[in-house]
Amino acid sequence: MIERRNVFDGVAIGEDMLSMEHITKIYDNGFVANKDVNFSVRKGEIHGLVGENGAGKTTLMKVLFGQEIPEEGRILIAGQPSKVQSPLDALAYGIGMVHQHFMLVNSLTVAENMVLGDEPVKGMLFDRAKARQMTAEVAKQYELDVDPDALVSDLSVGYKQRVEILKMLLRGAKLLLLDEPTAVLTPQETKELFVQLKKLREKGFSIVFISHKLGEIKEICDRITVLRLGRYEGTVDVKDVSEADISRMMVGRDVFLNIKKEKAQPKETVLQVRGLNFYNKLGIHTLKDVSFDLRKGEILGVAGVEGNGQSELSDMLAGLLTIQSGEVSICGESIRSKKIREIREMGVSLVHEDRMTYGVSRTQSIKENIVSDRYYKKNYNSHGVLGLKKILSDTQALIKEYLIKCDSPESEVRTLSGGNMQKVVAAREFSAAPKLLLASHPTRGIDVGAAEMIRKKIVALRDEGTATLLFSADLTELLSVSDSIFVMCEGRIVAYFPDASAVDEQVLGEYMLGLKTMSKEEMGGVLHG
Amino acid sequence: MGNAVKKSKDMTKTIERRFSFLRTLFAVLIALAIAFVLIATVSEKPLQDFITLLVGPLKNTSRMATIVSKAIPLLFTGTAVCLVYSCGQINIAAEGAFFGGAVAATCVAILPGIPPVIHIPLCAIAGGLAGAAVMGIPGILRVRYNVVTIVAALMINYVALYLGLYIILNPLRDPSAGFEASFLFSESALLPGLFGNQRIHLGLLVGLAAVVLGYWLLNHTAFGLQMRTVGENEKFATYSGMPVGKTIVFTSLISGFVAGVGGTMETLGNYQRFVYSGFTNHGWDGVMLAVLCHNDPKYIPVAVLFLAYIKTSADALNFSSKIPPEIISVIQAVIIIFVAAERFLAGWEHRSIVKHSKDAMSKGGAE
């Protein structure tokens, strides 16, 4: 059982309920994640914790939640210096955290997940009726509607998040730490979440909202604290600053939020996909009769809630998954039963969505990560012996061109930040002079500066004639980078917009959620013939 | 500021390297302390025996030659396991490959009438191919049928052992030997000694060559890059378009070849006929060596020398005292456990990295 201390009850609305002073956290690899950071939360506020990826937001919250022990600094809870050594301590104080990746057991019901780790018992047995009753009560109390008997595996992402929040409330949390809660939500789900958060604020709860999406911060937060490169940049009232001010604090310079590009000049068809179907290992039909064309010099965006067939589509086009039925041809040549290397040699590059597993080999050098797709070619090896000098000089040139921050080309990729890792991936995939670029979430989880550079490069490649298929969960990015867009829902293409500038997030969201579907005739343009 | 951060990162690497050395040093010291306690409890003259343990192998040239002689087979098996482990395959069939290599070499070595310049290479090739077959099978099974490598390798070791013993004890058995052994090797197949010492034989040079070639293969060839990439991240290798299956199979074959040649050299360098009646443990030692060397053949010679030294110490103790050789095995095991324990001294390491990062930050902040 979690012992509850109810320390926040004595704090009045609008007063500091908690503050962190001079927090310094240094990881084992020498990385200074937080340096002398100050942070405070008032009772009854939504406090934005903002900064680029790698700025130390998550680390600071892990310190507050007892998952990381800081090297220096102290935490004052209701004015008393306190030690938070573990998540159990944090929960006892009334601090709850909802992680970016949900901590729910898929095979259990909502009620079972709600009480997990703190189960009600009758004698020696689990008291299921009590668990259901507790869940129903807390759901009613906070007006967050959930079905106690639903299996978690059947729930949508937004629903799961609601369960996570309720779980923390059930455990007596008065302060909720939400780590990038909107990263996985559709615009509609985000809106719903915001309504719920505002209700909680009215009831006197406090919320720390981690994000790097400026629009959301403006909309929901009362105050924000900005971190940059692990340092404290300041705390401001949101009503006093503009989005541009916030981004300047985050990045330390002016950022152009919209990329500039000329109108696309699409030419002949490069990628032709016809009637593609895929059944995964469990026999689930994840791609249903997918057909589309992609032309030279065009960026075709793919919108969709994650898990609606996008991963299967990009893996299949790159040869990582075998084509079961349907036809894929690149410049008129089928890729069926071709090896990955052969497909790459046809001019296909892939920025894989799973950067840590497929995008890079973390324990190898930048050099070896850069040449992994081309080391066997004539200019890098003769009779099986590597031309190490040529590899080194080419890597150095790419490090310079892509502004990869590193000690040397020999540094292991694991020592780089997320943004710089992605630059390594981009350097390799973009420098292969692709005819077809498959870019799957190319800027996910990386800092604004690196994302800006990668987007610019994608547009530059388009202007040189590359055909690009861009998958992204970030609709702002998708709308600003793509020339045309199609939407996937449940493995199908459900909408096609020949001109990306003529749609907005709202419209895309409706198709992404399956609320609307275009007829075959309306989507006719997705096949250029 | 950028500069300061960069320096601190370099410093982190230096600290990591320093602690890697310290860890080994402390591991050896702790193991020796435990050894001393063990010796003190079983020995009548503990101090003298402890000194024998420490410097016994250096007492005379004969013992020093023993160190080298014990080191030769380990150069092969250590390199073989480094290669296959670098490719991420927990293929522990080096033991069987070493044994199988010795058997195959025996088949060729008993043939009469072949001049030495041809006979020795022929034996080595036969031994190498047998070794390649033994280690290659788990590799092929893994690639074709997704069999767990460690299980296949463990089983294939016994296949090699008993098939080998069957061949030696039936078609190749010399009934006139008076004990279970093969026919005598032809003179032309016996390895010449080096430095006028019969126990330090040609195998030393071949073994050192294997180490150098192994290192070169891993770090300077396209195939080596494939091996390491498959070993570090197989999915990344696949995504990059590397021929993953081929790489695993060829690596297993190459490793097996090296181990098989090792078995050949050990047999033809030290014996007149095939005399083993069971596993020789050289393959298992190879696994241990690869772990100690983090799969990098560069460190194999030093690690091999260390292991051979301890083994010679054991012999010396066994010879001059009543301490059972099992004690030495305990000491060896303790050393490996401490060196392999990555978190050993981790707290200390973390504190010193923190200190340097802080210094770098405060310098950076002042700029």
Side-chain angles (χ1 to χ4, degrees), chain A residues 24-32 35-36 71-72 229-231 315 318-320 339-345 348 350 352 354 356-365 367-369 371-377 380-388 391 405-408 411-413 415 428, chain B residues 1-16 19 86 88 216-226 228-246 294 342-343 346-347 349-362 364-365:
Chain A
T24 294
K25 171 68 204 172
I26 301 172
Y27 282 111
D28 268 353
N29 58 8
F31 180 67
V32 183
K35 169 69 184 170
D36 201 11
E71 268 65 44
E72 276 175 20
L229 299 172
R231 288 164 196 264
D315 278 3
L320 282 164
K339 294 201 176 93
I340 293 171
R341 180 171 285 176
E342 291 166 331
I343 293 172
R344 279 184 173 271
E345 283 181 346
V348 178
L350 168 64
H352 199 280
D354 189 348
M356 296 300 187
T357 311
Y358 288 93
V360 294
S361 177
R362 281 153 36 91
T363 45
Q364 284 178 283
S365 65
K367 204 174 74 176
E368 290 175 347
N369 271 277
V371 298
S372 69
D373 67 331
R374 61 196 67 162
Y375 66 95
Y376 64 95
K377 290 186 177 161
Y380 293 108
N381 95 54
S382 75
H383 307 293
V385 182
L386 291 174
L388 294 177
I391 290 175
K405 270 184 225 150
C406 61
D407 292 346
S408 87
S411 302
E412 285 184 19
V413 167
T415 63
R428 178 184 61 233
Chain B
M1 145 114 210
N3 229 344
V5 170
K6 191 173 166 184
K7 255 184 223 150
S8 99
K9 277 226 167 138
D10 284 347
M11 201 59 214
T12 302
K13 260 187 224 158
T14 315
I15 294 170
E16 278 176 358
F19 269 87
S86 291
W216 180 80
L217 176 72
L218 266 181
N219 294 293
H220 287 266
T221 68
F223 186 74
L225 179 61
Q226 274 170 219
R228 284 183 292 115
T229 307
V230 170
E232 298 291 346
N233 184 345
E234 201 175 311
K235 285 185 172 149
F236 172 75
T238 308
Y239 153 90
S240 299
M242 292 184 179
V244 173
K246 230 185 250 178
H294 296 284
E342 296 224 342
R343 300 290 297 168
E349 185 174 359
H350 176 73
R351 280 194 295 280
S352 72
I353 287 174
V354 166
K355 186 166 175 297
H356 278 284
S357 292
K358 254 190 226 163
D359 291 352
M361 278 298 267
S362 58

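In what follows, chains carry the letters A, B, and so on, assigned in the order in which the sequence lines appear, proteins first and then strands, with residues in each chain numbered from 1. All values reported here derive from a predicted model rather than from experimental measurement.
Inter-residue side-chain proximity for A/Arg362 and B/Phe236 is flagged as unmet; no heavy-atom pair is nearer than 4.5 Å.
One distance of note links CZ of B/Arg228 with OG1 of A/Thr363; it measures 10.0 Å at 0.5 Å rounding. Here the OG atom belonging to B/Ser240 is positioned 5.0 Å from the CZ atom belonging to A/Arg428, to the nearest 0.5 angstrom.
At a 4.5 Å heavy-atom cutoff, A/Asp36 makes no contact with chain B through either its backbone or its side chain. Neither the backbone nor the side chain of A/Arg374 comes within less than 4.5 Å of any heavy atom of chain B. Interface residue A/Leu350: backbone and side-chain heavy atoms are both found under 4.5 Å from chain B.
Between the side chains of A/Tyr376 and B/Gln226, no donor-acceptor pair is found at a separation under 3.5 Å. If you check the side chains of B/Thr229 and A/Gln364, you find a donor sitting under 3.5 Å from an acceptor.
Residues meeting the side chain to side chain donor-acceptor pair (under 3.5 Å) test with A/Asp315, sequence neighbours left out: A/His352.
Test B/Lys235, B/Glu234, B/Glu232 against A/Ser361 for side chain to side chain contact (heavy atoms under 4.5 Å, CB included) and you get one pass: B/Glu232.
Put simply, of A/Val360, A/Asp373, A/Leu386, the one with the most heavy-atom pairs under 4.5 Å next to chain B is A/Leu386. In terms of heavy-atom pairs under 4.5 angstrom with chain B, the leader among A/Ala318, A/Gly387, A/Gly359 is A/Gly359. By number of non-hydrogen pairs under 4.5 angstrom with chain B, the leading residue of A/Ile343, A/Asn381, A/Val385, A/Asp354 is A/Val385.
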### Query
Stepwise, does the side chain to side chain contact (heavy atoms under 4.5 Å, CB included) test hold for B/Thr238 with A/Leu320?
CA-CA 8 Å; B/Thr238 308; A/Leu320 282 164; 4.2 Å; yes
### Message
Evaluate A/Val371 against B/Leu225 for side chain to side chain contact (heavy atoms under 4.5 Å, CB included), listing each step before the verdict.
### Response
CA-CA 10 Å; A/Val371 298; B/Leu225 179 61; 4.1 Å; yes
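Residue-environment remark: NZ (A/Lys377) exceeds the threshold of 12 foreign heavy atoms within 6.0 Å.
Looking at every heavy atom in both residues, B/Asn233 comes nearest to A/Met356 through ND2-O, 3.9 Å. In terms of heavy-atom proximity, B/Pro243 sits nearest to A/Arg341 at CD-NH2, 3.7 Å. Taking all atoms of both residues into account, the shortest heavy-atom contact from A/Ile340 to B/Gly241 is CG2-CA, 3.7 Å.
Remark: A/Arg344 qualifies as a cation-pi partner of B/Tyr239 under the 6.0 Å distance and 45° angle criteria applied to the six-membered ring.
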